[in-house]
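Notes follow once the structure below has been shown.
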There are 2 protein chains.
Amino acid sequence: MSEEAQLTDTEDLQERLAEVQTLLARHKLVEELVLRQEEPRHDLVDDIAHQQHLCELRRKLEPMHPADIAYILEALPLDERLIAWDLVKAERDGEILLEVSDAVRESLIEAMAPNELVAAAETLDADELADLAPDLPQEVIDDVFRGMTVEEREQLRAAMSYPEDAVGSIMDFDMVTVREDVTLEVVLRYLRRFDELPDHTDQLFVVDRNEYLKGVLPLNVLLVNDVEVEVGALMQADFVKLEPDDLAEEAAKAFERYDLVSAPVVDSEGKLVGRVTVNEVVDYIREEAEHEQLAQAGLREEEDIFASVWDSVKNRWAWLAINLVTAFVASRVIGAFEGSIEKLVALAALMPIVAGIGGNSGNQTITMIVRAIAMGQVQTDAMRRLLRKELGVASINGLLWGSLLGVAAWWLYHSVALGLVLTAAMTLNLLLAASAGVGIPLLRQKFGADPAIGSSVMITALTDSGGFFIFLGLATLFLI
Amino acid sequence: MSEEAQLTDTEDLQERLAEVQTLLARHKLVEELVLRQEEPRHDLVDDIAHQQHLCELRRKLEPMHPADIAYILEALPLDERLIAWDLVKAERDGEILLEVSDAVRESLIEAMAPNELVAAAETLDADELADLAPDLPQEVIDDVFRGMTVEEREQLRAAMSYPEDAVGSIMDFDMVTVREDVTLEVVLRYLRRFDELPDHTDQLFVVDRNEYLKGVLPLNVLLVNDVEVEVGALMQADFVKLEPDDLAEEAAKAFERYDLVSAPVVDSEGKLVGRVTVNEVVDYIREEAEHEQLAQAGLREEEDIFASVWDSVKNRWAWLAINLVTAFVASRVIGAFEGSIEKLVALAALMPIVAGIGGNSGNQTITMIVRAIAMGQVQTDAMRRLLRKELGVASINGLLWGSLLGVAAWWLYHSVALGLVLTAAMTLNLLLAASAGVGIPLLRQKFGADPAIGSSVMITALTDSGGFFIFLGLATLFLI
């Protein structure tokens, strides 16, 4: 990371964004004026003004941290984004590409020539390159690959071979290793030979001559102890060890639980192969949270907010299609009771209440259960207990809110029987929602599916169709 | 943190949880047997078996990390939880209370005597105590307060005075400070006088004699440079500085952007008052993400999954009440068109589709806009552009899916006019959803409200009632 870059807080950053936008707007204005001149004489004055704005813009962008430039690029519409991107110094392209969101990265890469991409990629470490590689054209990757050392190639191959949710995909190869039979004095002298230590070096890894990891030596221990002592006497032998195939989520939990800054990654034989640092974990946690939030609203991935209409449609259509199907099924359930509705039209007005409250209540249950499963806290023998509790909650809510609405229906439609049917239907639908809210995620887990994905759609579909069926069914039995 | 504690991965942790549960089950079995014996002679053999299980359980819990014990306590039903809690060594109570979730913490504190609580609280630092304080009885806090030094009292008062979302509430007071006119040699000697450095010490804070923060000296810089050099020549003067009143969310973003491990906190005059470390930031990010997830499903806070039915009802009722009101309003909208439905009962079956798809689509839009606002990327002049895009997406989706359903309606009910009305209603409701999806969060932001909270309820309410109104209204105009 460029240590000399300016660091800013978010407010400053928004001010800078505004400055950049003003300059871009001025630049575009001048450009339009130039274009509008009928005769093709390029007015010198205009041209200078034109250049001036770009120069000023470059001066603004130059001292900024790559992460801040990424932020500004994301906030600009495509045409302005590309103008700004052109002004950024080429040697920082790689770092900035790492920082922007996937959607924006695509738009930037599309605008770059292959040789620019190769130049950008060559500034990156193997683990960073692996993050970028899926978005790069094959020819660029081949070119970069040819320029690498054998060790780097191996690292890149390794980093690219792990799925996105594995520890291997968030690890880097910047480790400082020491032997256990040397004194701290020697270690300190060894470290002083570095120009700088890798970011997030909070501990040194103690390995034997075959690279087997024997322990870790925290810098804090190194700094407070007598320099005559040997590493072996101070190193910690009980520490968190990750393997490349472990789930990144598990690594994140370990970092959270034990407040880690870095953790070594070893292969199945115990050889040190890399390390994971807390900044990668923070990014992972944030991305996962965002991914879940987006998935809950049925967005496939994060959208560039300035994406084309067509890209947005594609990002959203799958969810709408699924919902259309479930809504259609619910509609056919109602269709089966059209005779009853014709005779008692109040049913049409009341039925969405039964379905809606069932959906809300079911989503509450399922959110809680999915979370408990994700934390590994639901053992199978707890299931019965949970179900009993949720059924209890549903009964209380059903009788409470159901009665309230029953009274409202009685008052509106002057029918005690209608009110009673509404109360009963709400209670039954809430019980259905509770059973499904406990059952769906547990069943999905049992069959190896991620309990979170699509649970909300499933339960809403069930409580909609189920709610209509229960209410209209009861009404047909008792009222028609 | 107890460095000597065992560290485990999640799988191990679940195994341990299972072992603990087995032991607790055996213990309870024996206890029941003892109770069932009619004469009150305490059978020695039973008693020994009884004690044995508890002993074994204690041996299992003893070497575990406080965070792991917290995990196990959270996964146990209340009665078993309290048995296990009793077995944990008293001096670790404080640390474990810090690690468990709020709901579980309450259940543990309720089971403790005031003197136990005082003892637990006394093992904690001021910033940790501040986290715990809201859950402690006033008498306990008073007692602890009396036992503190003046400096600690001031720290505790300071830490407790900040709202939960401020930097002040996540900062600690464990800083190592140095002067700029000393050499690295002196610094290294100074550090060697510590028993251990505070957790997450990745940099030393360079202050003058009045505690004004002049710069930071990363340990990495300390370790690679010549010991004869003075701190002033190496310290970094451009670094992230937080203030106690800054939003914790802003601090989290700075940590993410700049990959920080710690950051100094200064008061308005530039005096060093504390620091924030990445572990607190990770916890904050995770908690925020969870909070949002829960809020989206209308859960006020995280539930102890073994909470009583009544506690769960209280946690969920507000959301259900709000939804009941919006569902009731939607129901009255339908009620206004009962005459039309009586004449054309197909309307009753088709209307939930219009409302449902509008709600889904609106939630997609609002989720994206809320995220963009949270990242500070929506400038006011971008609003028109966003609205235009969302209206474009809505038109395409409306015409596409609307036509599909229009054809289905035509086929089901043999009425071209009904199909056309359905298509038109879906398109209009999607346009309404898009406008509201962009407008609601932007308006809420303008009036200083958090754009995220309740946005989903508002848009669903609008697209439900709006969808019914548009569809039934168009039908009444053109079909009846």
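Naming convention: chains lettered A, B, ... in sequence-line order (proteins, then strands); numbering from 1 in each chain.
- Using cut-offs of 30° and 60° for the angle between ring planes, the B/W401 and A/W317 rings count as parallel.
- In terms of non-hydrogen atom pairs under 4.5 Å with chain A, the most contact-rich of B/L76, B/T277, B/V261, B/L344 is B/V261.
- In terms of heavy-atom pairs under 4.5 angstrom with chain A, the leader among B/L294, B/I357, B/N397, B/T460 is B/I357.
- Contact annotation for A/E292: only side-chain heavy atoms (C-beta onward) come within less than 4.5 Å of a heavy atom of chain B.
- At a 4.5 Å heavy-atom cutoff, the contact between B/L405 and chain A is made by side-chain atoms alone.
- Interatomic distance, A/Q364 CD to B/W319 CH2, rounded to the nearest 0.5 Å: 8.0 Å.
- Taking the side-chain hydrogen bond (donor to acceptor under 3.5 Å, both in side chains) definition, one finds that A/R388 meets it with nothing, sequence neighbours left out.
- Residues A/R286 and B/K253 are in side-chain contact: their nearest non-hydrogen atoms beyond the backbone lie under 4.5 Å apart.
- Residue A/N323 holds its CG atom at 3.5 Å from CG of B/N360, rounded to the nearest 0.5 Å.
- Annotation for A/K389 and B/S312: closest pair CE-OG, 2.9 Å, computed over non-hydrogen atoms.
- Your options are B/W310, B/F337, B/Y413, and the one with the most heavy-atom pairs under 4.5 Å with chain A is B/Y413.
- Ion pairing of B/D68 with A/R257 is present here, as a side-chain N (NZ or NE/NH1/NH2) and a carboxylate O approach within less than 4.0 Å.
- Proximity to chain A (any heavy atom under 4.5 Å) is shown, for B/N315, by neither the backbone nor the side chain.
- For B/V278, the part sitting under 4.5 Å from any heavy atom of chain A is the side chain, from C-beta outward, and nothing else.
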Checklist entry - side chain to side chain contact (heavy atoms under 4.5 Å, CB included) between B/N220 and A/L219: does it pass, once the steps are laid out? => result CA-CA 9 Å; B/N220 288 355; A/L219 292 191; 4.1 Å; yes
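- Heavy-atom pairs under 4.5 Å with chain B were tallied for A/R332, A/E342, A/R316, A/M368; the largest tally goes to A/R316.
- A salt bridge does not link A/R371 with B/E74: every distance from a Lys NZ or Arg NE/NH1/NH2 to an Asp or Glu carboxylate oxygen is 4.0 Å or more.
- Listed here is the closest heavy atom pair of A/A327 and B/I353: O-CG1, 3.7 Å.
- Proximity to chain B (any heavy atom under 4.5 Å) is shown, for A/V393, by both the backbone and the side chain.
- For A/D226, the part lying near chain B is the backbone, with the side chain staying farther off; criterion is any non-hydrogen pair under 4.5 Å.
- Going from atom CG of A/L412 over to atom OG of B/S331 covers 7.5 Å, rounded to the nearest 0.5 Å.
- Of the atoms belonging to B/A321, heavy atoms from both backbone and side chain fall under 4.5 Å from chain A.
- When all heavy atoms of B/A289 and A/A289 are compared, the pair lying nearest together is CB-CB, 3.5 Å.
- Of the atoms belonging to B/L404, it is side-chain heavy atoms, and not backbone ones, that fall under 4.5 Å from chain A.
- Among A/E290, A/E288, A/M351, the residue with the largest count of heavy-atom pairs under 4.5 Å with chain B is A/E290.
- Here the shortest heavy-atom pairing between A/L324 and B/M426 reads CD1-CE, 4.2 Å.
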Checklist entry - What do the steps show when you test B/R192 against A/N225 for side chain to side chain contact (heavy atoms under 4.5 Å, CB included), and what is the final call? => result CA-CA 6 Å; B/R192 222 162 280 131; A/N225 278 285; 5.8 Å; no
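- Note that CG of B/D202 is 10.5 Å distant from OG1 of A/T201, once rounded to the nearest 0.5 Å.
- With a 4.5 Å cut-off on non-hydrogen atoms, B/L386 touches chain A through its side chain but not through its backbone.
- The candidate with the highest count of non-hydrogen atom pairs below 4.5 Å against chain B, out of A/G356, A/P352, A/P218, is A/P352.
- Taking all atoms of both residues into account, the shortest heavy-atom contact from B/H200 to A/D259 is NE2-O, 3.0 Å.
- In this structure, A/I334 CD1 and B/L350 CG are separated by 8.5 Å, a value rounded to the nearest 0.5 Å.
- Note that CZ of B/F194 is 10.5 Å distant from CG of A/L223, once rounded to the nearest 0.5 Å.
- Contact count against chain B (heavy-atom pairs under 4.5 Å) is highest for A/L191 among A/V227, A/L191, A/N363.
- Counting heavy atoms from C-beta outward, A/V309 and B/I396 have side chains that approach closer than 4.5 Å.
- Between B/V281 and A/V282, every side-chain heavy-atom pair lies at or beyond the 4.5 Å cut-off.
- The minimum heavy-atom distance between B/V224 and A/D195, with the atom names listed, is CG2-O, 3.5 Å.
- Remark: B/T365 engages B/E390 in a side-chain hydrogen bond (donor to acceptor under 3.5 Å, both in side chains) (not counting sequence neighbours).
- At a 4.5 Å heavy-atom cutoff, the contact between B/F328 and chain A is made by backbone and side-chain atoms alike.
- Interface remark: of the candidates B/T367, B/D283, B/L320, B/V333, B/L320 forms the most heavy-atom pairs closer than 4.5 Å to chain A.
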